[in-house]
Structures are given as C-alpha cells and as structure tokens.
Amino acid sequence: MATYRYRCAQDGVVDVRRPIGTAPATWPCPRCAEDMPRVFTAPMLSFAPRAQINAIDRAEATAGEPSVVTALPPRPASRRTPMAPPDPALRRLPRP
Ligand SMILES: [Zn+2]
C-alpha cells in the first residue's frame, strides 16, 4: 500500500491509501465531492523490516473482510537444539 496525496482547492490536502500503481489522476473530495488533482510528493517510504510491513499490510487487508483459508498453515520445521554430551562427572552421582 502507498499513500497518495490530493489537494482540494476548498478543503486542502487529503491522503489516500491505495495499492502501489493504482492512484488515479484525480480523486473525489470527501467533503465537497469535487475532483481533486493529485499532488506529487517525496515517497512516503518506511525503513521498517519487510516482514513487519507485510504483517501490517495483511492486517489492513483483512480488516474489512477476513481472508478465507482452506488448510492449516504448514508446520514449522522442528528446531530442537542438540543436547550437550553428558558430563562424565554426572555418572558418579548415586542412582535412585
Ligand atoms: Zn473539497
């Protein structure tokens, strides 16, 4: 998603969030319904980690209508840490 800025002659600046590359040249003003021309600004980019941006975009996309799933998510690979070899001193301890 990207933020596009439009300027209404009467009501000022309005920011619109839309998928990248889908911004129309004009946008109807939410107050007076006149077509506002697009204003080109510096890119409103974020330096957040890509995974965090994707999570935010997914959350926004499902805010209005949840995504439909047909299967469980794949199970993550087992991440057991290998056990350290037993300490030889432990063998001398009394057994129950
Ligand atoms: Zn307006």
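Every number for a ligand or one of its atoms is a count from 1 in the order of the listing. Remember, it's a predicted structure, so these values are computed and weren't measured experimentally.
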Checklist entry - Near the Zn ion (ligand 1), is there an N/O/S atom from Glu34 that is less than 2.8 Å away? => result no
Checklist entry - Does any donor atom in the side chain of Asn54 or Arg58 lie under 3.5 Å from an acceptor atom in the other side chain? => result no
Checklist entry - Take atom CZ in Arg18; do more than 12 heavy atoms of anything else shown fall under 6.0 Å from it? => result yes
Checklist entry - What is the name of the N/O/S atom in Asp11 that sits closest to the Zn ion (ligand 1)? => result OD2
Item to check | In one Ile/Leu/Val/Met/Phe/Trp/Tyr side-chain cluster, 4.5 Å: Phe40, Val14 | outcome: no
Checklist entry - Crowded around Glu60 CD? As in, over 12 foreign heavy atoms under 6.0 Å? => result yes
Item to check | Apex the Zn ion (ligand 1) - arms SG from Cys8 and SG from Cys29 - angle rounded to 10° | outcome: 120°
